[in-house]
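The structure under discussion appears below in the form of structure tokens.
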Amino acid sequence: MLPKQEFKKFARDRLALGMAIGLALTCLIVSALLVLWLQPSDVQIPIRYNGFGLELGRTQGSLASDQWYERISFVVFAVFMSAACLWLSVKMHESYKVLAKFLLGSSLLLLIILALVGFFVNRTITL
């Protein structure tokens, strides 16, 4: 079946289309918030690696930068997860309507949890 026809059938279901639009908007909002929560002081944080774990501060050992990639990974995960769930729900909608709606709803809930985790990780690191 043509993707255009699949999307037309998906667009006729108002609940599924509303959930898909809500997921896309939530993904944009969560991504924007996670990027805005980055602070210039968080770009590079010196961390020392030793045999017992990680320690902050100036001591002998290997120093590396951390936190920048960790926080950007939240945004990348949100975008890829949303895109994959939207694509799968459009593909599944014709034969499994309830499962497609469940996938949209659960991914929306997962994005909200991701925003909360990103917020608390940001607050914990900057304290």
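Throughout, residue positions are numbered sequentially from 1 according to the sequence presented.
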Q: Write out all pairs satisfying salt bridge (charged side-chain N to carboxylate O under 4.0 Å, His left out) with one or both partners inside residues 19-29, taking only residues at least two apart or from two chains.
A: none
**Q.** Interatomic spacing from CG in L111 to CG in L23 - rounded to 0.5 Å
**A.** 5.5 Å
Q: To the nearest 0.5 Å, tell me how far I21 CD1 sits from R14 CZ.
A: 11.0 Å
Q | Between NZ on residue K9 and CD on residue E6, distance to nearest 0.5 Å | A | 8.5 Å
Q) If you look at every heavy atom in L17 and A11, which pair is closest and at what distance? A) CD2-O, 3.7 Å
Q) Given the rule that I, L, V, M, F, W and Y join up when any side-chain heavy atoms are under 4.5 Å apart, are L108 and L86 in one cluster? A) yes
(Q) So which atom in G105 and which in M19 form the shortest heavy-atom distance, rounded to 0.1 Å? (A) N-CE, 3.3 Å
Q) Side-chain heavy atoms under 4.5 angstrom apart, residues restricted to Ile, Leu, Val, Met, Phe, Trp, Tyr: same cluster for F80 and L88? A) no
Q. With sequence neighbours left out, what residues match L33 under side-chain contact (heavy atoms from CB on, under 4.5 Å)?
A. I29, W37
Q.
Taking V117 as the starting point, is it possible to reach V75 by hopping between hydrophobic residues whose side chains are less than 4.5 Å apart?
A. yes
**Q.** Reported CH2-to-CE distance for the pair W87 and M92, which is rounded to 0.5 angstrom
**A.** 10.5 Å
**Q.** Distance-minimising heavy-atom pair for S89 and A100
**A.** O-CB, 3.6 Å
Q: Flag yes if V98 and F10 sit in one hydrophobic cluster, no otherwise; membership is Ile, Leu, Val, Met, Phe, Trp, Tyr, and two members link when side-chain heavy atoms are under 4.5 Å apart.
A: no
Q) Are V35 and F77 connected in a single hydrophobic cluster, I mean Ile/Leu/Val/Met/Phe/Trp/Tyr linked by side-chain heavy atoms less than 4.5 Å apart? A) yes
Q) Does the side chain of L103 reach to within under 4.5 Å of the side chain of L99, using non-hydrogen atoms? A) no
Q: Could you name each residue pair satisfying side chain to side chain donor-acceptor pair (under 3.5 Å) that touches residues 98-119, not counting sequence neighbours?
A: D13-K101
**Q.** Nearest non-hydrogen partners of L104 and C85, listed with the distance
**A.** CD2-O, 4.5 Å
Q: Might you point out which heavy atoms bring S31 and V79 nearest each other, and give the distance in Å?
A: OG-CG2, 3.7 Å
